Amino acid sequence: MSTKESERISSAQQTLDILHEISQLLNTRLDKETLATCVGMIESGVNPEALAAVIQELWRENALLTSVPR
Amino acid sequence: MSSALHSLVLSIIPASRTAEDLKEDIVSHCQEILNRGHEADLSQVVDLVKRRLLATSPNGSSALKFSNLLSRLLNQPVLSRKPETIMFLYSLASSPAAQPSAILLPLLTSPPYQKTPVIQQVFNDASKGGMVTVKSKATLLRDYRSEKSHSHLPESVLLRDALYLLQGISGKFVRFSLTKEEENRILFVEDAKWHIPASTQALIHRLAELGYLYSRIERFVQEREGANGVGTIEQSLCHHLHQQLTQYYRLIAMLETQISKAPQVSDDSGMSHDGGRDNSGLSLRRLDVWVNEWRLRMRMMSVCVEGARDTHGGALVNLIHSYTDNGDPFVRMFTDKLLEEVSRPFFATLHKWLFSGELYDPFSEFFVAVDANMGTTSRVHPSSLLGGVNQISGDGGFTGIGSDDDFSGLRENGVKLWEAKYRFRKEMLPMFVGESFGRKIFSTGKSLNFIRYSCHDSDWVLTREKMSNTGGLLQYNDIGGLERSIDTAYRIASHRLFEVFVEKFRLLDHLSALKNYLLLGHGDFADQLMETLGPSLARPANTLYRHNLTATLESAIRSSNAHKDPVDVLRRLDARMLEYSHGEIGWDVFTLEYKVDAPIDTVLDADAMEKYLKLFKHLWQMRRIDKALDQSWMRIIGGARAFLRVPDLEPKWHKTRLVVAEMIHFIRQVEAYCRLEVIECSWKGLIDFLNKKEGDLDALIEAHRLYLDRVTKKVLLWNSKPGKEDIVLFQVKEIFLVILQFREAADNFYNYCLSESSRRDQDMDADRGVYTGNPQVRNQPQDALPGLLSRLNEYGSTYSDRVQFLVQHLQVHPDLDCRFLGIRLSFSEFYKSKKDQNLHQQRS
């Protein structure tokens, strides 16, 4: 049971690694953590393009917030 | 799901961790975006990604890496929505770069620039508001100009004009000069109100170059399209130019869309130098950048066009080819491409010529030119040849060449047909083929053509099939393959030609027949002929009749081994008399003849036959001398010893025998030399060549010519020194003459001795009292004796003088074989010692 579990975890890890590599290839500026979250969301049925739009929106928002003097 | 979104928001926007309402706001906003419908197809997405990767790094390494990663990902069992994931990554990846505007031209997308965040913009605007009062120097200048109403022409207007200029059309403010002498100049229309700055003028000048080149090329294309008799290569060039021009139009159209987008912006802002101008707009400088590549292309095309005016066909290909050796990769690629297009008709012609021996070149562009006056032109379809019917009604039996009555006049001279029908034009040969290959191509096509039209070889179709198997497509960019196919084609064609000549037309039979009959290789035949003909040839030439000769020839053939030769060979053998003048006897005018017709006469041409006849004459005379001496020897050895009983004349006979022996030695040596050292040796060389089956018909002709030349020169003891060519031959002929005279004198002497001995017999009979004849005749011959003897002596000494002279000449002969003949003749230094003795005697 536990071996199966660990197997699953390692394969998930591998998948994430691959995705991260692709993401670097495509120069998406996503870190591993964010990527994992996003992949989880997509797995649960979120529209990928919309999610991408969300991420961009968030980046933009962040940029705005950081540039505004607090 | 929503928690995931929360964490996402938190991780990306750290600020939201503190402000709850902001976070809620953002989350709900994001939720909204996410709720839009979606679907994704893996292959489509993958395709998109790959294209994007290729666009960013054209060498394809990243795309390869991507495929690698993708296949690994697909093996992973964890994810259920892989396409979506990829899609997500892709959408993220493509977003940061500036969205390409609707323009199709990739070049027109403005370079990535730092997008100023919206907020910053706002601040800039705010700060601007504070500094309105400070004017830049440029603004001041502009204001001054507008006050003076002497401002610069707006660039947008000039831009429109520039677009016109690119197409060779005059614009409103800038126009091409209309006067003839300064065709290439452009003029700026200026009025009081507008002024075009010098820098802009220079820019426009640069742009206008394209317009000028364009109109030149266009004019050329149109001229050629309208004109008649334009070569196929030029047509192809025109086509390519046309294509290029179409692409150029496309560029202009795109620029036009750019320009139509731009005006609103620039019009609103008034002057083109306003900082707030949209980046997607067009300016003269950008125009210059975008048409830069085209400028080079246009220049190349214009050069080609210029060249095409005075060159033609292959030379044009050559001209273009001369630009392919360029260090500039752009020029090289462009010309390579152009050449590939342009050379296509050339290769089509080449293909026809190389593989079917057919020259289809209506505009004489190929590097092989046909002489239309010679024989069948290649455009005649083979099935329309008249050969078929005439063959049957003609003499039959023989393989049926030379039956084309139309060409029989020309056919007589096959070698001329072969040599002059097609000409090699070096100036038309494309350089990328190379001269040696050009020659091979030339010879291959010529051979094929010859096989088809002059040899009527029906099997040539097979040959062609064989060749087209090896050939394949000929193309400019595959020079290696081209050379290979040329080589194979050349080999096959010349091999076939050899086959045709040797097997179908039995060239070898003819050659050996010539050797056996004309060069007297068949000894039994020659002896037989001499024996039967001899008596009649001694008569005056005008009493000889040709039918008698031919009948004798026939019987000579029958009674010798010659009748085993093929009928075709014997049929060609003929006896004939040369033109004779008064006083000549049969020996002088008789000759054997061997008739050849097309296409064998390509090898055995008229010159060669003449040489054969000359050789025959010489050898025939030699034979005659030989025979005569044989008879004479028989007489003086056998007859004189057996029943001439004149003891007081015995020393004279001994002397005569010596001279005759000398003569026999001479003639034997000369004959042996001719036969063994000259004819057979040369023959062996020729046969070796034929067995090799290499080279083309030219080589064959050359080999035969070499053979014949060698034989002629050596048999006739030809001296290579100018002015002395015939000197040795002349001596030999004189010696022959002396021998004949001597033989006559010897015969007379013999007759005298015969009658003398019979007289003595009678005397003795009378002494014994037996009456055996009329004694009255005895006085007459006795008076003739001194004359006979003196002539005999005279001829004998002349002979030895002549031979000595000849030997002397032969010893310094430039030809080694001839010198060797001299050594053979005076092997024991017989003649030399005599001469030395003479010298000694004279001195003492």
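A quick note: this is a predicted structure, and the numbers were derived from the prediction, not measured. Just so it is clear, the values below take in all heavy atoms, side chains as well, and ignore hydrogens, waters and symmetry mates. Just so we're on the same page: letters track the sequence lines, and every chain starts at 1.
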Side chain proximity check, Glu293(B) to Phe330(B), heavy atoms < 4.5 angstrom
yes

Quick one: of Thr34(A), Leu35(A), Leu58(A), Val54(A), who has the most non-hydrogen atom pairs under 4.5 Å with chain B?
Leu58(A)

Residue part contacting chain B, namely of Leu16(A), when any heavy atom lies under 4.5 Å:
neither

Where does Glu43(A) contact chain B at under 4.5 Å (heavy atoms): side chain, backbone, both or neither?
both

Contacts of type salt bridge (charged side-chain N to carboxylate O under 4.0 Å, His left out), residue Lys32(A), not counting sequence neighbours
Asp17(A)

Around atom CZ of Arg8(A), are there more than 12 heavy atoms from other residues, nucleotides or ligands closer than 6.0 Å?
no

What option among Leu51(A), Thr37(A), Asp31(A) has the most heavy-atom pairs under 4.5 Å with chain B?
Leu51(A)

Contacts of Arg295(B) that satisfy salt bridge (charged side-chain N to carboxylate O under 4.0 Å, His left out) - sequence neighbours left out:
Asp288(B)

